[in-house]
Visitor: 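Pasting a structure here, questions to come.
Model, not experiment: these values are computed from the prediction.
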Amino acid sequence: MKLNRCIAITVVFTACAQLLSAQSPIKQVGKVTAVAVNNQDIDITTENAFVKLTVYSPNIIRFRMDKQKLATDFSYAVISEPVKTKVNITQNNDEINLTTDSLKVNIRKNPYQVTFSTLSGEVINQDEAGLTTSWVNESVTTYKHMQDNEHFIGLGEKTGPLDRKGNAYTHWNSDTYAYTTGQDPIYSTIPFYIGVHHNVQYGIFFDNTWQSDFNFGASNNRFSSFGAKGGEMNYYFVYNSHIADIIRSYTSLTGLMKLPPLWSLGYQQNRYSYYPEAEVMRIAETLREKKIPADGITLDIHYMDKYKVFTWDANRFPDPTAMIKKLNNTGFKVTLIVDPGIKEEKGYGVYERGLKEDIFAKYPDGTNYTGQVWPGWCNFPDFTNPKGRAWWGLELKKYAAEGVSGIWNDMNEFSTWGQKAPDNILFNFEGKMASHPQIHNVYGLEMIRASYEGFKAARDNKRPFILTRSGYAGLQRYAAIWTGDNRAENDHMLLGVRLMNSLGLSGVPFAGMDIGGFTGGASPSLYARWMQIGAFNPYMRNHSGINSKASEPWAYGEEVLEITRNYINLRYRLLPYLYSSFYDATQTGNPIMRSLTIDYTHDENVYNGQYENQYMFGKAFLVFPFDGVTNYGKLYFPAGKWYNLYNGQVQQGNQKVALDLGISQLPVYVKESSIIPMQSQIQTTAEKPTDTLYVHVYKGDVNNKFVYYEDDGESFDYEKGDFYKRVITYDAAKKAISFAKVEGSGKSKFNNIKLLLHGFGDNPAIKLNGKQSKVENSFEALMTPISRFDPTGLSNPVEGEKVKSLLIKNTSGQFSISY
């Protein structure tokens with residue numbers, strides 16, 4: 001839609017709007033009465049509002065708007081400042097025009113209305129003429145014109161379909177035990193979405209911490225909208241030519257994740273709850289005995305003395321430090337759950353110290369707010385108070401001293417029995433004071449901030465692992481997130497895939513779900529499928545609830561155990577690829593689980609409900625998640641060429657394919673030109689692999705680049721240059737694979753590189769640095785055949801692929817292979 005059409009629509013609505021505005025209970029912005037330009041800022045006064053436009057960067061524009069003059073503000077989410085940008089701003093009696101080297105902004109003056117367009121004049125996004133922004137009492141909403149066939153994706157942890165079109169959502173962090181697949185809201189708030197239409201895409205981040213509502217054409221056919229129950233209309237408009245760059249721009253505002261400890265990418269075993277100590281040790285020993293690779297055991301609330309945080313039950317765990325040391329010696333790290341509620345109990349040291357430091361949230365009369373949770377009646381730390389965050393960090397020193405490696409933040413929506421904390425609770429809000437409705441959605445974010453900062457300070461240069469159930473935009477700076485108390489049901493498993501894909505679109509790369517389902521009990525087929533999908537999740541944690549059947553890999557029979565072991569084994573072999581993908585996320589904000597909308601944005605098939613769950617794991621693997629009961633599935637292959645992961649058979653893209661599904665194998669394909677580093681089999685990241693890095697390259701017709709990355713996996717020394725990084729390039733036109741010179745002062749754990757060539761034919765003419773090299777024949781099998789448990793049956797065949805291989809000394813200098 002061209003800009004002149006937008007202007008025509010505006011004129012039609014103007015007269016009607018003026019007639020209705022005088023007596024309406026809805027206060028609209030009205031016409032512009034004054035404009036002041038100051039470098040990259042435009043201050044606008046209208047009949048009913050004050051507006052400030054700030055150019056944050058060439059492709060990010062911020063709008064603030066309120067009924068009263070705008071005061072100095074701050075954000076818990078946005079940590080960046082505007083960058084100096086070349087901007088051209090002009091105005092006349094009818095409009096204001098702003099142009100950067102990325103986009104144009106047009107602001108009509110009578111009445112106020114905003115349109116964003118490309119430099120060539122194509123509309124990216126525009127206010128709905130006649131509605132724009134308005135207030136109903138203290139609620140504020142901005143209305144956007146809904147473009148033809150517009151798709152809406154992202155918005156963080158939201159249930160429902162990939163495409164939000166036709167639906168509405170509320171942001172109010174909520175404890176939603178065993179939530180349904182369409183329930184809203186659930187645990188966290190990320191008010192950032194991406195719109196797609198007419199070969200353009202944009203992002204809108206609505207940075208308002210009050211309860212907010214988003215409408216993408218629910219109950220109307222005219223507009224999409226976003227608004228809040230209080231506070232300013234404060235949003236950032238982001239435009240880029242690719243969704244990956246929109247995510248990059250969004251995370252330039254809200255921050256990038258830090259590198260997690262390597263062990264946290266391994267398999268984690270959890271239950272509500274493992275106790276006493278003998279049971280914890282039995283689980284760890286059984287994982288090792290059955291050759292199930294694992295790195296973590298998580299303890300739920302039953303490790304505590306009567307559910308009081310920062311305590312241990314002395315009968316169940318008489319010597320936590322000794323137990324944790326024994327687990328660490330066998331390659332297991334311990335993560336402990338913590339809840340924000342501090343029990344009101346005389347003599348309980350944590351409570352007494354909290355009272356002394358005066359760090360609890362309060363009623364207006366100065367008394368501490370009291371709500372009921374697991375330990376009984378509790379007070380709640382005010383994490384919006386720097387003093388409260390510091391106090392929490394000091395309490396965490398106890399766990400660090402005992403050898404704990406991870407902190408799991410739960411119940412931080414915050415949750416209380418009754419789920420109705422009063423509005424009149426007061427919080428410090430960085431010294432500005434605010435009531436509960438304004439801080440509710442950021443309470444969890446500031447709790448994980450306190451956990452991250454405190455635990456990091458207590459652990460002597462060791463990276464903390466922080467997990468959370470709740471949060472706000474920017475949570476990726478501090479924690480991984482999991483999708484809460486799900487159900488052991490097929491539709492919940494697939495919903496979890498969509499939730500993680502949506503979180504990835506919203507700047508959160510490190511996400512997981514309760515594999516196997518938290519409530520109820522999975523069937524063997526559901527459990528097997530869930531564990532397969534879980535191997536291709538950023539965070540792989542098995543978790544089940546109290547009074548449900550055991551949910552360890554051996555609890556479902558020998559066949560399921562073998563299937564599960566195969567996929568956990570594969571995950572551990574893929575750790576060099578996965579860790580490098582996490583490194584990329586720390587640099588770009590792009591997710592590990594990639595909705596197909598990121599790379600195939602304008603392919604309508606990826607929005608189709610039949611294919612919406614498909615995703616990329618990193619940039620190489622195309623994963624087809626199916627439930628545990630479907631025997632016949634439909635797959636959609638986007639453009640390009642795709643290799644079957646298990647046997648190397650090639651599938652051409654832009655095709656829909658029907659497939660018979662067996663429970664022993666999850667359909668996974670590899671994108672052409674992919675570069676996938678792998679290692680030998682290990683049982684824990686504490687174990688060193690053999691000294692050969694296996695680099696798999698899949699022949700293709702497109703160029704590709706992979707940034708391979710290593711460091712010690714546990715410290716922050718990489719920030720001082722102690723890392724090992726090299727760029728591996730596949731050049732389809734030049735028929736070359738190049739390994740760039742190593743960057744960083746670190747040393748690789750691999751002395752050799754074994755290059756494995758997929759799809760290069762029977763007799764490729766391989767040259768190393770221009771000299772003819774002899775290649776070997778290799779047979780690659782990623783899975784061990786599942787046993788035939790009928791004693792009269794024959795063995796299942798090994799499925800694999802014949803490839804060509806070349807062994808190369810891993811030198812730090814540049815080298816190349818031509819074919």
Visitor: Of the options F621, Y643, W642, which is the one that meets Y698 in a ring-ring contact (aromatic ring centres under 6.0 Å, His included)?
Guide: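 Among the candidates, only Y643 passes.
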
Visitor: I'd like to check the salt bridge (Lys or Arg N to Asp or Glu O under 4.0 Å) partners of D300; sequence neighbours left out, ordered by chain and number.
Guide: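 Listed in chain order: nothing, the list is empty.
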
Visitor: With side-chain hydrogen bond (donor to acceptor under 3.5 Å, both in side chains) as the rule and sequence neighbours excluded, what pairs involving residues 657-668 come up?
Guide: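 Qualifying pairs: Q665-E799.
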
Visitor: Side chains of R529 and S523 only: does a donor on one sit below 3.5 Å from an acceptor on the other?
Guide: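 No, S523 and R529 have no side-chain donor paired with an acceptor closer than 3.5 Å.
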
Visitor: Main chain of L693, side chain of Q679: is a donor-acceptor contact present, judged purely on distance under 3.5 Å?
Guide: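 Looks like no, no N/O pair under 3.5 Å.
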
Visitor: Looking only at the aromatic ring of each residue, does the gap between the centers of F455 and F465 stay below 6.0 angstrom?
Guide: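 Not close enough - the centres of the two rings lie 6.0 Å or further apart.
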
Visitor: List the atom of I663, the atom of S525, and the distance in Å for their closest heavy-atom pair.
Guide: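 The pair with the smallest heavy-atom distance is CD1-O, 3.3 Å.
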
Visitor: Could you check whether any side-chain heavy atom of I466 comes within less than 4.5 Å of a side-chain heavy atom of N409, counting everything from C-beta outward?
Guide: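 A side-chain contact under 4.5 Å exists here.
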
Visitor: Give the minimum heavy-atom separation between M531 and I568, together with the two atoms involved.
Guide: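 Where M531 meets I568 most closely, the heavy atoms are CE-CD1, 3.8 Å.
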
Visitor: Please examine the side chains of L299 and I297, heavy atoms only from C-beta on, and report whether any two atoms are closer than 4.5 Å.
Guide: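 They are in contact (side-chain heavy atoms under 4.5 Å apart), so the answer is yes.
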
Visitor: On a heavy-atom basis, which atom in V338 and which in M304 lie closest, and how many Å separate them?
Guide: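 Looking at all heavy atoms of both residues, the shortest contact is CA-CE, 4.5 Å.
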
Visitor: Are any side-chain N or O atoms of N537 and backbone N or O atoms of M540, one a donor and one an acceptor, separated by less than 3.5 Å?
Guide: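 No; judged by distance alone, with no hydrogens or angles, the pair does not exist.
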
Visitor: What I want to check is whether the side chains of Q269 and T298 have a donor and an acceptor closer together than 3.5 Å.
Guide: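 Side chains of Q269 and T298: no pair found under 3.5 Å.
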
Visitor: For R565, enumerate each residue passing the salt bridge (Lys or Arg N to Asp or Glu O under 4.0 Å) test, keeping only those at least two apart in sequence or located in another chain.
Guide: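 So R565 forms no salt bridge (Lys or Arg N to Asp or Glu O under 4.0 Å) with any residue.
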
Visitor: With a 4.5 Å heavy-atom cut-off, do Y303 and I337 have their side chains touching?
Guide: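 Heavy-atom side-chain distance check passes, below 4.5 Å.
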
Visitor: Give me each pair satisfying salt bridge (Lys or Arg N to Asp or Glu O under 4.0 Å) with a member in residues 677-691, each pair once, sequence neighbours excluded.
Guide: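 Pairs touching residues 677-691 that pass the test: none.
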
Visitor: Quick one: does N173's side chain get under 4.5 Å of F414's, heavy atoms only?
Guide: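 A side-chain contact is absent here, since even the closest heavy-atom pair is not under 4.5 Å.
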
Visitor: If we count only N and O atoms by modelled type, under 3.5 Å, do the side chains of E157 and S188 hold a donor and an acceptor together?
Guide: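 Yes, side-chain donor-acceptor contact under 3.5 Å.
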
Visitor: So which pairs with a foot in residues 509-521 pass salt bridge (Lys or Arg N to Asp or Glu O under 4.0 Å), sequence neighbours left out?
Guide: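 For residues 509-521: D514-R541.
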
Visitor: Rounded to the nearest 0.5 Å, how far apart are NZ of K802 and OG of S778?
Guide: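 So the gap between those two atoms works out to 12.0 Å.
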
Visitor: Look only at the side chain of N486 and the backbone of H492, and say whether a donor-acceptor pair between them is shorter than 3.5 Å.
Guide: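 The answer is no, because no donor-acceptor pair under 3.5 Å joins these two groups.
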
Visitor: For T181 and T159, work out which heavy atoms get closest and say how close.
Guide: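 It is O-CB, 3.2 Å.
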
Visitor: Locate the shortest heavy-atom distance separating L494 from P625; write the atom from each residue and the value.
Guide: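 Heavy-atom minimum between the residues: CD2-O, 3.8 Å.
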
Visitor: For the residue pair D339 and W374, establish whether any side-chain heavy-atom pair is separated by less than 4.5 Å.
Guide: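 Yes, at least one pair of side-chain atoms sits under 4.5 Å.
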
Visitor: Using the side-chain hydrogen bond (donor to acceptor under 3.5 Å, both in side chains) rule, collect all pairs that involve residues 308-317, keeping only residues at least two apart or in two chains.
Guide: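 Checked against side-chain hydrogen bond (donor to acceptor under 3.5 Å, both in side chains) - neighbours excluded - the pairs reaching residues 308-317 are K308-E345, W312-E402.
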
Visitor: Tell me, do L666 and I533 make a side-chain contact under 4.5 Å, heavy atoms counted?
Guide: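 They are in contact (side-chain heavy atoms under 4.5 Å apart), so the answer is yes.
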
Visitor: Please check: side-chain N/O of T180 versus main-chain N/O of Q183, any donor-acceptor pairing under 3.5 Å?
Guide: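 A pair under 3.5 Å: yes.
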
Visitor: Sequence neighbours left out, cut at 3.5 Å: what donor-acceptor pairs do the side chains of residues 550-561 make with other protein atoms?
Guide:
from	atom 1	to	atom 2	distance (Å)
S551	OG	Y556	OH	3.3
E552	OE2	Y274	OH	2.5

Visitor: Just to verify, which of F536, F637, Y615, Y636 counts as forming a ring-ring contact (aromatic ring centres under 6.0 Å, His included) with F624?
Guide: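 For F624, the ring-ring contact (aromatic ring centres under 6.0 Å, His included) check succeeds only for F637.
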
Visitor: Might you point out which heavy atoms bring P667 and L635 nearest each other, and give the distance in Å?
Guide: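 So the minimum-distance heavy-atom pair works out to CB-CD2, 4.3 Å.
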
Visitor: Tell me every residue that passes salt bridge (Lys or Arg N to Asp or Glu O under 4.0 Å) with D627, counting only those two or more places apart in sequence or in another chain.
Guide: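 If we apply the salt bridge (Lys or Arg N to Asp or Glu O under 4.0 Å) test to D627, skipping adjacent residues, there are no hits.
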
Visitor: How about K549: does its NZ atom have over 12 heavy atoms from other parts shown lying under 6.0 Å from it?
Guide: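 For K549, atom NZ is crowded (more than 12 foreign heavy atoms under 6.0 Å).
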
Visitor: So which pairs with a foot in residues 268-288 pass salt bridge (Lys or Arg N to Asp or Glu O under 4.0 Å), sequence neighbours left out?
Guide: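 Sorted result for residues 268-288: E277-K326, E279-R282.
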
Visitor: Considering residues, nucleotides and ligands other than Y632, do more than 12 of their heavy atoms fall under 6.0 Å from its OH?
Guide: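 Incorrect, the count does not exceed 12.
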
Visitor: Pair N647, E801 - check side chain to side chain donor-acceptor pair (under 3.5 Å), show working.
Guide: CA-CA 5 Å; N647 59 30; E801 179 187 1; over 6 Å; no

Visitor: Using the six-membered ring of F617, assess whether NZ or CZ of R594 lies under 6.0 Å from its centre and within 45 degrees of the ring axis.
Guide: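 Ring-cation test returns no.
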
Visitor: Applying ring-ring contact (aromatic ring centres under 6.0 Å, His included) between H543 and each of W408, W530, Y267, Y272, report the one that passes.
Guide: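 Passing option: W408.
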
Visitor: Any pair with a residue in residues 175-185 that passes salt bridge (Lys or Arg N to Asp or Glu O under 4.0 Å), sequence neighbours left out, goes on the list, sorted by first then second residue, please.
Guide: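 For residues 175-185, and leaving out neighbouring residues, the salt bridge (Lys or Arg N to Asp or Glu O under 4.0 Å) pairs sorted by first residue read K158-D184, D175-R469.
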
Visitor: Is the closest side-chain heavy-atom distance between I481 and L467 below 4.5 Å?
Guide: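 No - every pair of side-chain heavy atoms lies 4.5 Å or more apart.
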
Visitor: Would you please test F310 and Y399 for ring pair (Phe, Tyr, Trp, His ring centres under 6.0 Å) and show each step?
Guide: CA-CA 8 Å; F310 303 121; Y399 286 154; 5.5 Å; yes

Visitor: Excluding sequence neighbours, so at least two apart, what forms salt bridge (Lys or Arg N to Asp or Glu O under 4.0 Å) with K258?
Guide: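 E719.
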
Visitor: Using side chain to side chain donor-acceptor pair (under 3.5 Å), reason through T468 and N412 one step at a time and then give a plain yes or no.
Guide: CA-CA 8 Å; T468 188; N412 55 341; 2.9 Å; yes

Visitor: What about H302 and Y307, are their ring centers closer than 6.0 Å?
Guide: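 Distance test on ring centres: under 6.0 Å, yes.
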
Visitor: Does a side-chain heavy-atom distance below 4.5 Å link L505 with T597?
Guide: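 Touching, per the 4.5 Å side-chain cut-off.
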
Visitor: For T784, which residues count as a side chain to side chain contact (heavy atoms under 4.5 Å, CB included) partner, sequence neighbours excluded?
Guide: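 In terms of side chain to side chain contact (heavy atoms under 4.5 Å, CB included), with neighbours along the sequence ignored, T784 is linked to N566.
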
